[in-house]
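Data first, discussion second: the structure below is written as structure tokens.
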Amino acid sequence: MTNKNLGDSPADSVVFEDLFRQQGEAMRAMFAPLVPGAEAVTTDPADLQHWAMSAAKLQKMWLDFSAEQAGQVEPMLGRLGDIGKWTQTFMAMAGQLPIAHAETQAKLWNESVALWSSVMGQFVSAGTGNAAPPQLPRQDRRFKDKRWHEQPAFALIHQTYLLLSEKLQQMADEAQGLSPERKEQLRFATKVVTDALSPANFPLTNPVVIERTMETKGENLVKGVEHLLDDLRKGQLTHTDPDAFELGRNIAVTPGKVVHETPLFQLIQYTPTTDEVFETPLLIFPPWINRFYILDLNPQKSFIRWAVAQGLTVFVVSWKSADASMADVMWDDYVRAQIEAIDHVRERLKVPAVHTIGYCVAGTTLAATLAVLARRGEADKVASATFFTAQVDFEDAGDLKNFIDDGQLKMLQSLSTDGYLDGRYMAATFNALRGTDLIWNYVVNNYLLGEDYPAFDLLHWNGDTTNLPSRWHQAYLCDLYRDNRLIIPDAMVVDDTPVDLRRIATPCYIQAGREDHIAPPNSVWKLTRHLSGKWKFVLAGSGHIAGVVNPPEAGKYQYWLNPNDPASLEEFVAGATETKGSWWPDWIEWMAEQAPKRVAAKGKRIPGGKGDRVIEDAPGRYVRSR
């Protein structure tokens, strides 16, 4: 008996051609009724073939991926961001919402009817030529494209969605019978779920996607699924062109040398660009949850380059991304690392003290470091401390506290392997805090519209994740976020030294972002309540990143200062003066007041000069480790 390959006979060819044609017709038929006038257009056989090719590509990609990734999709989806977890939270607490109450349903029905009547009435008037284009009552940037407003069906879809989302959020805000923590979780879960259910996120309810699909005959969906499958394979949502940036070539390019190295960090010293420099150098501690080069994205945005240009001798710690060798690393190790870096810079340049900056979690750690040095009688090693969006009192720590209950902590523990937590899980958490901007916007653009990735340095950095030591991560979440122990004098012991923030007399400059969703400004403000020395507080425009990385040349945002002695952030704002632009010039002026003496930029002020042994060029190896 002779075996024949599938499709060898003329009959087979006819069958497959017919199936191919039917696939194309089915795919076109799915979208055509949603585009006015599309059904009236005679279908070209070549167009049907194009539709069929798109359908076949989609089918093949999914089948290949399913075979390739059998049993592995679930954990990868978890790293991308587990919306299902928050759906379960919402459903578990939905009984606290008056959704099923007859009074609530009647009121919602009446408001819906009034909305529909208003919207449709405007379309009827516009159709007579006697009225302006419809002015819809609810505005949202997800629906700013004119195609959401031109057709009654899509206008009603998104206006109804906005009404329902608004009412659900209002119910969550007014829910009774829940503890403050559970109520906040319900509020957050409601937002996550309603954001996920936006009609913009689905191809058959998004007129922009429908039109693109008709124009490209499904090629946008093919490209979008390619993007989706690539992201599932790597377990992380892609925000920017992965090939657009290279460390040391067009990102993190400020010249410098790695002058010291430990298993936990590399110490980078940057080359001076002025003949004279301030005698007291600057040592920057970035958060080890992210790569240090957020402060050195490019020459136009680089805080590091700018600080060097102001005459500061700048050192930056580049933390190592955690691996199995760091399974036992705890917070004590990071405090010891900060002290070691301080001592190394002092010894290298033969100076009595350094200026310091701590960003986010590294700022929290810097506060503990200052308290430890004060307890040991070594506070004079630090001439000043600047805090970028750093918290020590976590009572009002914002939406991140929704991730710190016992169930969440157990889940994070289960996700850790070989003593460290994969950084992609943390990236998914931070994305979830701003789901509309950092998740669903890219689902629409990347997966549904099939657009090319942009070349955006900030988003490249945002996706350049770092792994975290599991023991440190668990202890940090429990001791600080959950139990808020750092503000209790001597409740925490670091490196065998009790921590009392009230002992900090070092001059402090404290920066907060007005729109910061990770370290809310009121939470950052509370640092001022625990210091015994002089401090200056600045409230900057924008959030956790743009509020910090705001070079003067950009002319963006603003900042507020209050020279009085306000007792709360509300009092600070009420009596504050607004200044347009960057707060960096105010900071460098404050720094110069702390230690004005200048010296020649020579000797070891120039890393890698004659007689100076260095390890390698900046940005070093650790920032490249994965």
At what distance, to the nearest 0.5 angstrom, does CG of N522 lie from CD of E395?
9.0 Å
Are any side-chain N or O atoms of N250 and backbone N or O atoms of A244, one a donor and one an acceptor, separated by less than 3.5 Å?
yes
Checking side chain to side chain contact (heavy atoms under 4.5 Å, CB included) for the pair I545/W461: CA distance, chi angles, key distance, verdict?
CA-CA 11 Å; I545 302 301; W461 167 84; 3.7 Å; yes
To the nearest 0.5 Å, what is the distance between CD on Q159 and CG on L136?
4.5 Å
Report yes if the side chains of I404 and L400 come closer than 4.5 Å at any heavy-atom pair, otherwise no.
no
Check whether any side-chain heavy atom of Q169 sits under 4.5 Å from a side-chain heavy atom of E166, and report yes or no.
no
For the pair E184 and K401, find out whether any cationic side-chain nitrogen is under 4.0 Å from an anionic carboxylate oxygen.
no
When you check the gap from the basic side-chain N to the acidic O, do D195 and K191 get nearer than 4.0 Å?
yes
Rounded to the nearest 0.5 Å, what's the gap from CG on D464 to OG1 on T240? Could you check?
11.5 Å
Give a yes or no answer on whether the side chain of S118 reaches the backbone of A114 with a donor-acceptor pair at less than 3.5 Å.
no
So do V119 and P152 actually touch side chain to side chain, heavy atoms under 4.5 Å?
no
Measure up the F388 and W583 rings against each other and bin them: parallel (under 30°), tilted (30 to 60°), perpendicular (over 60°).
perpendicular
Going from CG on L415 to CG on D422, what distance comes out if it is rounded to the nearest 0.5 angstrom?
9.0 Å
Regarding E181 and R482, does a basic nitrogen lie under 4.0 Å from an acidic carboxylate oxygen?
no
Heavy-atom check, side chain of M120 versus side chain of L156, under 4.5 Å
yes
If you measure only the distance, is there a donor-acceptor pair under 3.5 Å linking the side chains of Y447 and D231?
yes
Give me the atom names and distance for the closest heavy-atom approach of F245 to D457.
CZ-N, 3.3 Å
Locate the shortest heavy-atom distance separating S582 from P551; write the atom from each residue and the value.
CB-C, 3.9 Å
Closest heavy-atom contact between D145 and H149?
O-CD2, 3.2 Å
N/O donor-acceptor pair under 3.5 Å between E553 side chain and Q300 backbone:
no
Is a donor on one side and an acceptor on the other found under 3.5 Å between the side chain of H227 and the backbone of N446?
yes
Would you tell me whether S302 and D296 have side-chain atoms, one donor and one acceptor, within less than 3.5 Å of each other?
yes
Kindly assign one of parallel, tilted or perpendicular to the pair W148 and H158, based on the angle between their ring planes and the thresholds 30° and 60°.
perpendicular
Output, in order, the C-alpha distance, side-chain angles, deciding distance and verdict of side chain to side chain contact (heavy atoms under 4.5 Å, CB included) for R142 and L162.
CA-CA 11 Å; R142 288 171 290 179; L162 291 173; 4.0 Å; yes
For the pair R291 (side chain) and T465 (backbone), establish whether a donor and an acceptor sit closer than 3.5 Å, ignoring hydrogens and angles.
yes
Quick check: do F143 and P199 have side-chain heavy atoms less than 4.5 Å from each other?
yes
Quick one, F303 with V549, criterion side chain to side chain contact (heavy atoms under 4.5 Å, CB included). Give me CA distance, side-chain angles, the key distance, then yes/no.
CA-CA 7 Å; F303 177 83; V549 184; 6.0 Å; no
Tell me the closest heavy-atom pair linking D241 and Y453, and the distance in Å.
N-CB, 3.3 Å
Has the side chain of N402 got a donor or acceptor atom that lies under 3.5 Å from a matching backbone atom of D399?
yes
Evaluation steps, side chain to side chain contact (heavy atoms under 4.5 Å, CB included), between L297 and I251:
CA-CA 5 Å; L297 286 175; I251 198 167; 4.1 Å; yes
N467 and G423 have their tightest heavy-atom pair at OD1-N, 2.9 Å
Under a 4.0 Å N-O cut-off, is there an ion pair linking K580 with E578?
yes
Output the distance between atom CG (L438) and atom CG (L433), rounded to the nearest 0.5 Å.
9.0 Å
Does a side-chain N-to-carboxylate-O contact under 4.0 Å join R147 and E150?
no
How many angstroms lie between NE2 in H460 and CG in L247, if you round to the nearest 0.5 Å?
5.5 Å
Between L449 and N220, what is the shortest heavy-atom contact and its length?
O-CB, 3.3 Å
Is there side-chain contact between R212 and L221, with heavy atoms separated by less than 4.5 Å?
no
Over 12 foreign heavy atoms within 6.0 Å of CZ, R626
yes
Counting C-beta onward and ignoring hydrogens, is there a side-chain heavy-atom pair between I294 and P286 closer than 4.5 Å?
no
Just by distance, no angles: are the side chains of D140 and Y161 close enough, under 3.5 Å, to form a donor-acceptor pair?
no
Does V225 reach the side chain of L229, with side-chain heavy atoms less than 4.5 Å apart?
yes
